[in-house]
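Just below is one structure, and these are the notes that go with it.
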2 protein chains.
Amino acid sequence: MTATDTRTRLVLTAMQLFRDKGYNSTSVADVLHSAGLNSGSLYHFFPGKQDLLLAVLDAYHGGIGPLLLEPAWQGVSDPIERVFALLAAYRRALATSECGYACPIGSLALELHEPDRAVRERLAANFTAWIQAVQDCLEDAGARLPRDINRRELAAFVLTTMEGAVMQARTYRELASFDAAVRQLRDYFQRLQRAAAPRRGRVRKSSSRRKRS
Amino acid sequence: MTATDTRTRLVLTAMQLFRDKGYNSTSVADVLHSAGLNSGSLYHFFPGKQDLLLAVLDAYHGGIGPLLLEPAWQGVSDPIERVFALLAAYRRALATSECGYACPIGSLALELHEPDRAVRERLAANFTAWIQAVQDCLEDAGARLPRDINRRELAAFVLTTMEGAVMQARTYRELASFDAAVRQLRDYFQRLQRAAAPRRGRVRKSSSRRKRS
DNA sequence: GTCTATACCCTGATAGAC
DNA sequence: GTCTATCAGGGTATAGAC
């Protein structure tokens, strides 16, 4: 058990607890107990609880690619379908938690009411990386979306939808709330694609019309 | 100072503090200090802190009409514009708080990770009343929206947008994030209205085309 | 109904042996 | 680097006088 192992264990444990119980409702003792460690270890690596939070936020940021996007995009190459595959990953998280899941970043963003600059910057960085990934998809979609649609704003709107949808599904404890929101977003995308398609052929590229809504 | 005054003062004070600092970060002592009361008064009216929260949630529920919708809809009669006037009210709340504002219901929904049934029901009731108000607008819009669009789902999607947009504006501390989301929703609505309009005359009812984006 | 005083627990964090 | 023991403060809630 090297030093990095202990540090990593603390971060991973805190990640889980902050996600499941929230930051304020997770005590340092909770983290130590779950990690099977003692007070001295934590304060050896971190000056205080908030610094543990910073490490957790950095871990989320680093994990967006390998732990979120890559699994979600397994076998999905169509850029627009990737956007909805990402949303489907959140749906799975809701489904396997009886709708107890909440986006950990979004939850922290609302739970921490006067966060330090360092915390806020990391929350924002997580959102930005998520939005950028979706924006890349939208740019890959090229002419399938109207030229005058701002890709970044639309990508941010996908995040907006995900966060709002997760919030409602969690509150109602019903997957249907999430599905309804995604259905609306899908409808919006379909209208955008229809508007971008050449006037004559209705919806071009039948390969872009697939399963899912 | 009658009994109800004290109780009301407690609820109003708690409303403000829970909104500004969150539930867990607001101590009973905070509430008592801000209300200028002592411990005995609070526990005379409420068995505990959580019961105060229930009263706060009931107050929000009761206030949706007079404190949220009516001010937001002052001088706005067009049902679709009312939807966006409601969003504009949230924009004002963000603007006057340097983007520190967060929807109190949404924040509680994410902050409280294992809420009692009573709490969850009241959170859901608040969302439901909000959605219903928007749904009423959408139904008033009648044929201006496509027939096959589910009014309730679209209304819930407006809530989704508001919550996600407030969350991002708060995280980035930038009104622009909120505006971008509303712009996307507006675009979606315009496409819906265009799809609902008779083929010949482009957008019918020039009275429905007004200021605002 | 409202006050003061206080019980009792859990919090984040520290000290110092090993 | 990790342990045990502990501190000082704040948390919710209660007791009982007025």
Side-chain angles (χ1 to χ4, degrees), chain A residues 1-57 59 107-108 111-119 122, chain B residues 1-57 59 107-108 111-119 122:
Chain A
M1 211 71 74
T2 76
T4 38
D5 277 351
T6 298
R7 210 197 103 108
T8 302
R9 188 141 46 103
L10 283 165
V11 173
L12 259 42
T13 306
M15 244 169 138
Q16 198 175 319
L17 288 171
F18 291 168
R19 169 168 58 77
D20 294 344
K21 313 183 23 169
Y23 177 72
N24 284 311
S25 298
T26 300
S27 69
V28 172
D30 284 338
V31 177
L32 294 172
H33 182 259
S34 291
L37 292 168
N38 299 93
S39 176
S41 296
L42 192 150
Y43 288 100
H44 172 72
F45 291 104
F46 303 99
K49 189 187 178 186
Q50 180 177 293
D51 302 274
L52 180 57
L53 173 62
L54 295 180
V56 165
L57 290 173
S107 294
L108 288 167
E111 177 184 359
L112 307 171
H113 284 242
E114 276 163 355
D116 281 14
R117 182 187 184 77
V119 174
R122 280 166 175 84
Chain B
M1 210 73 72
T2 77
T4 39
D5 275 353
T6 298
R7 209 195 104 107
T8 303
R9 187 140 48 103
L10 284 165
V11 173
L12 258 42
T13 305
M15 243 169 138
Q16 199 176 320
L17 289 171
F18 291 169
R19 170 167 58 77
D20 294 344
K21 313 183 22 170
Y23 177 72
N24 284 310
S25 298
T26 300
S27 70
V28 173
D30 284 338
V31 177
L32 294 171
H33 182 258
S34 290
L37 292 168
N38 300 94
S39 175
S41 296
L42 192 151
Y43 288 99
H44 173 72
F45 292 104
F46 303 99
K49 188 187 178 185
Q50 181 178 293
D51 303 273
L52 179 58
L53 173 62
L54 296 180
V56 164
L57 291 173
S107 295
L108 288 167
E111 178 185 359
L112 307 172
H113 284 242
E114 276 163 356
D116 282 15
R117 183 188 184 77
V119 174
R122 280 166 175 84

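Every chain is numbered from 1, with letters handed out A, B, ... down the list of sequences.
- What separates CG of B/Leu32 from P of C/dT6 is a distance of 18 Å, to the nearest Å.
- The OG atom of A/Ser27 sits 6.0 Å away from the NZ atom of A/Lys21 when rounded to the nearest 0.5 Å.
- Side-chain contact between A/Ser39 and A/Leu32: present, with at least one pair of heavy atoms (C-beta onward) separated by less than 4.5 Å.
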Between the protein and nucleotides 9-12 of chain C, list the N/O to N/O atom pairs that are separated by less than 3.5 angstrom.
from: C/dG12; atom 1: OP1; to: A/Val28; atom 2: N; distance (Å): 3.4
from: C/dG12; atom 1: OP1; to: A/Lys49; atom 2: NZ; distance (Å): 3.0
from: C/dG12; atom 1: OP2; to: A/Val28; atom 2: N; distance (Å): 2.6

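- Looking at heavy atoms from C-beta onward, B/Met15 lies in side-chain contact with B/Leu12 at the 4.5 angstrom threshold.
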Requested in this report: Apply side chain to side chain contact (heavy atoms under 4.5 Å, CB included) to the pair B/Leu42 and B/Leu37, showing each step before the final yes or no.
Outcome: CA-CA 8 Å; B/Leu42 192 151; B/Leu37 292 168; over 6 Å; no
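- Remark: P of D/dG11 and CG of B/Leu42 are 14 Å apart, rounded to the nearest angstrom.
- To the nearest 0.5 Å, the span separating CZ on B/Arg7 from CG on B/Asp5 amounts to 12.0 Å.
- Put simply, OG on A/Ser107 and CG on A/Asp20 are 10.5 Å apart, with the number rounded to the nearest 0.5 Å.
- Whole-Å rounding puts the B/His33 NE2 to D/dT12 P distance at 15 Å.
- One interatomic measurement links the two molecules: CG of B/Asp5 to P of C/dT2, which rounds to 9 Å at whole-angstrom precision.
- Atom-to-atom, CZ of B/Phe46 to P of D/dT14 comes out at 15 Å; the value is rounded to the nearest Å.
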What donor-acceptor contacts under 3.5 angstrom involve side-chain atoms of residues 45-57 of chain A, with partners at least two apart or in another chain?
from: A/Lys49; atom 1: NZ; to: A/Tyr23; atom 2: O; distance (Å): 2.9
from: A/Lys49; atom 1: NZ; to: A/Thr26; atom 2: O; distance (Å): 2.8
from: A/Gln50; atom 1: NE2; to: A/Asp116; atom 2: OD2; distance (Å): 2.9
from: A/Asp51; atom 1: OD2; to: A/Gly48; atom 2: N; distance (Å): 3.2

Every protein N/O lying under 3.5 Å from an N/O of nucleotides 3-5 of chain C:
from: C/dC3; atom 1: OP1; to: B/Asn38; atom 2: OD1; distance (Å): 3.2
from: C/dC3; atom 1: OP2; to: B/Asn38; atom 2: N; distance (Å): 3.2
from: C/dC3; atom 1: OP2; to: B/Asn38; atom 2: OD1; distance (Å): 3.0
from: C/dC3; atom 1: OP2; to: B/Ser41; atom 2: OG; distance (Å): 3.2
from: C/dC3; atom 1: O5'; to: B/Asn38; atom 2: OD1; distance (Å): 2.9
from: C/dT4; atom 1: OP2; to: B/Asn38; atom 2: ND2; distance (Å): 2.8

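- The distance from the CD atom of B/Glu111 to the CD atom of A/Glu111 is 5.5 Å, given to the nearest 0.5 Å.
- The shortest distance between the side-chain N/O atoms of A/His44 and the OP1/OP2 oxygens of D/dT2 is not below 4.0 Å.
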